[in-house]
There are 2 protein chains.
Amino acid sequence: MHNNSYKRLRSNSYSVPCELCSIGSLCIPMIQDCTLGNLLNQKKALAKNEIAVKAGDPFNKLYVIHSGCLKSYVITNNGTQQITGFYLPGDILGYEAICENKYHNYIEALTHTLVCEVKYDRLIAFGNESASIREHNIRLMSNEILNQQRLIMIFAQKNAEERLATFVYSMYRRYAQRGHTSLNIKLAMSRADIANHLGLTIETVSRIFTRLQQAEILMVKGKYILIKNLSELIKAAGESE
Amino acid sequence: MHNNSYKRLRSNSYSVPCELCSIGSLCIPMIQDCTLGNLLNQKKALAKNEIAVKAGDPFNKLYVIHSGCLKSYVITNNGTQQITGFYLPGDILGYEAICENKYHNYIEALTHTLVCEVKYDRLIAFGNESASIREHNIRLMSNEILNQQRLIMIFAQKNAEERLATFVYSMYRRYAQRGHTSLNIKLAMSRADIANHLGLTIETVSRIFTRLQQAEILMVKGKYILIKNLSELIKAAGESE
DNA sequence: CGGCATATTGAAGACCTTCAACACAAGTGG
DNA sequence: CCACTTGTGTTGAAGGTCTTCAATATGCCG
């Protein structure tokens, strides 16, 4: 069982080796000098559409993605879902829950996903013994604040085409940062999820995908995206100059 | 503790007493058991439109607002300004600068403002000696993440009227949290700043202010806002039910 | 294959922006 | 004190972008 799940993990989808995970030296299994076998045993598998956390749940752990893809969302007053982020291997979820000791977001798997659960009290305990771990953790939170600012920028300044181009480009870059530099991207999320996250409708997303395809910038086939002209994509995203 | 500067501080504009400041026990002057006189001497005055920090500056301190109002903004690739936040007494700026050791935002005073400068290395040093200070600091950063998520919600789901109503209501609440529960609000920022921050144009902001006035929800006179019907304002903001 | 969810495309309409003119307040210099 | 300037805010009309509604197409999984 252990062997099988590991093989499947590496062949199916993107995953970061633990050494490249953004949590880095904070990784509790790493700190404990576990073997690879032990590491995998600490991971939790989430099936597609499985909800790991509900808004309002008491906070006790952060989630680090090893492989797969998650989305976080809140349910607004009028009962609609608003997706606050998509998360790739190495990303960390749950920081927003610390201040009031409860989660404010739902966390749901978009594909079969492996996550490392990091118990917060153990993280604090490790932090109590190492200043570098503490500082690393603070830097990760600061980075999360920075990432959210980028999303705010998308909303405040960009039109639909710029938003979608920015989204595709950011996916490209995020995979590249994880060592998967490829112009071929497989989106884990539906058009509805993309539209929701970008504050658009699915129709608009669909129309703009075809427009970018006609402009020879992308080739779109369902969830598979091929970036045919990266510099034009960056221009379309409004990120150049 | 009974000098002139203290009196002037309290009479001029909203300010939090240091005990209510959101930095709370993290406040370095407080930690050092300074007298109130010493406290005031540690504050730095910013004139209206004075820029305290430029994007790209090396990071070394956080800014806590004692009185007045600041805005933070970035300059986008096409050279336009995008306001990322307005900050009131007790708020803390600069967390986004930790991860890459440089500020990503400009920080500019909207009015005459007093800020407490918190040297980051001293904060770390104090943290090294006290677990409760460390945890408090992490909680503050988590809160910042939560605040940004609220802004993302505004953009992704709300139309112009809901955005502006949300903005006014949030100002009301933020002042109320600081002990100034009043239906009279004086905005420190211009229509242009409000519009920019909400992703709208000044014309739209102006039109919606008159619309909310005709609906007997607000009374608007330049920078002075009177909330005539709070529950309707909340409804207009899309925050009810 | 059939059924259902997801995605694409078209036409009409709503909302916000753009452009332009005007109103108003604050500050300056004669 | 007024005339002038400048910055800021308000209002109107036209136009563009995105949404809504509706129909059709594609893909997926039993």
Side-chain angles (χ1 to χ4, degrees), chain A residues 47-49 71 78 80-83 108 110-112 154-168 185-215 218-226 236 238, chain B residues 47-49 71 78 80-83 108 110-112 154-168 185-215 218-226 236 238:
Chain A
K48 181 173 171 166
N49 298 327
K71 69 173 174 182
N78 53 43
T80 61
Q81 170 181 300
Q82 173 59 43
I83 296 173
E108 183 177 331
L110 292 173
T111 64
H112 178 76
I154 289 178
F155 280 123
Q157 297 233 335
K158 302 194 185 222
N159 64 21
E161 181 166 322
E162 291 168 329
R163 288 185 198 186
L164 191 59
T166 303
F167 172 76
V168 173
I185 294 172
K186 189 199 172 187
L187 300 176
M189 64 293 289
S190 67
R191 297 285 191 275
D193 279 348
I194 297 171
N196 179 296
H197 184 234
L198 298 178
L200 303 169
T201 59
I202 51 174
E203 293 96 331
T204 301
V205 168
S206 185
R207 271 185 260 269
I208 290 169
F209 265 140
T210 57
R211 208 191 297 165
L212 291 173
Q213 190 156 9
Q214 283 163 358
L218 299 181
M219 237 193 66
V220 183
K221 183 94 174 134
K223 292 195 190 302
Y224 291 90
I225 309 275
L226 169 63
Chain B
K48 181 173 172 167
N49 299 327
K71 68 174 174 181
N78 52 45
T80 60
Q81 170 180 301
Q82 174 59 43
I83 296 173
E108 182 177 332
L110 292 172
T111 64
H112 178 77
I154 289 177
F155 281 123
Q157 298 232 334
K158 302 195 186 219
N159 62 22
E161 182 166 323
E162 290 169 329
R163 289 185 197 186
L164 192 60
T166 303
F167 173 76
V168 173
I185 294 172
K186 191 201 170 186
L187 301 175
M189 65 293 291
S190 67
R191 297 285 190 275
D193 279 348
I194 296 171
N196 179 297
H197 184 234
L198 299 178
L200 303 169
T201 59
I202 52 174
E203 293 96 330
T204 301
V205 168
S206 185
R207 270 184 260 268
I208 290 171
F209 265 139
T210 56
R211 206 190 300 165
L212 290 173
Q213 191 156 9
Q214 284 162 357
L218 299 181
M219 237 192 68
V220 183
K221 181 96 175 132
K223 292 195 190 300
Y224 291 89
I225 309 276
L226 169 63

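Throughout, a chain's letter reflects where its sequence line sits, starting with A, and its residues are numbered from 1.
Under the side-chain hydrogen bond (donor to acceptor under 3.5 Å, both in side chains) criterion, T80(B) pairs with Q157(A), T76(B), N78(B), not counting sequence neighbours. For I202(A), the side-chain contact (heavy atoms from CB on, under 4.5 Å) partners two or more places apart in sequence, or in a different chain, are R191(A), A192(A), A195(A). Legend: residues meeting side-chain hydrogen bond (donor to acceptor under 3.5 Å, both in side chains) with S206(A), ordered by chain and number and at least two apart, are absent. Remark: T111(B) pairs with C69(B), T113(B), A188(B) by the side-chain contact (heavy atoms from CB on, under 4.5 Å) rule, at least two apart or across chains. Residues passing the salt bridge (charged side-chain N to carboxylate O under 4.0 Å, His left out) test with E162(B), sequence neighbours excluded: none. Residues meeting the side-chain hydrogen bond (donor to acceptor under 3.5 Å, both in side chains) test with T210(B), sequence neighbours left out: none.
Near DNA chain C, meaning a heavy atom under 4.0 Å away, the residues from residues 203-210 of chain A are E203(A), S206(A), R207(A), T210(A). Contact check of residues 158-166 of chain A against DNA chain D (heavy atom, cut-off under 4.0 Å) returns N159(A), A160(A).
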Atom pairs, protein N/O to nucleotides 27-30 of chain D N/O, distance under 3.5 Å:
residue: dG27(D); atom: OP1; partner: K221(A); partner atom: NZ; Å: 3.4

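Residue pairs meeting the salt bridge (Lys or Arg N to Asp or Glu O under 4.0 Å) criterion with at least one partner in residues 201-213 of chain A, sequence neighbours excluded, are E161(A)-R211(A).
Atom pair L198(A):CG and dT19(D):P shows a separation of 10 Å (rounding to whole Å applied). The distance between atom CZ of R191(B) and atom P of dT11(D), rounded to the nearest whole Å, is 11 Å. Between I194(B) atom CD1 and dG9(D) atom P there is a gap of 8 Å when expressed in whole angstrom units.
Taking the C1' atoms of five terminal pairs at each end of the helix from dC1(C)-dG30(D) to dG30(C)-dC1(D), the two resulting helix axes are inclined by 40°, rounded to 10°.
D193(B) and Q81(B) make their closest contact through OD1-NE2, 4.1 Å (heavy atoms, listed as atom of the first residue, atom of the second, distance). Between N196(A) and I83(A), the closest heavy-atom pair is OD1-N, 2.8 Å.
Nucleotides of DNA chain C that come within less than 4.0 Å of any heavy atom of chain A span, from the 5' end to the 3' end, dA7(C) to dA11(C).
Under the side-chain contact (heavy atoms from CB on, under 4.5 Å) rule, L164(A) has a single partner from T204(A), L218(A), L198(A), which is L198(A).
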query: Between F167(B) and I154(B), is a side-chain contact (heavy atoms from CB on, under 4.5 Å) present by the stated rule, with each step listed?
result: CA-CA 9 Å; F167(B) 173 76; I154(B) 289 177; over 6 Å; no
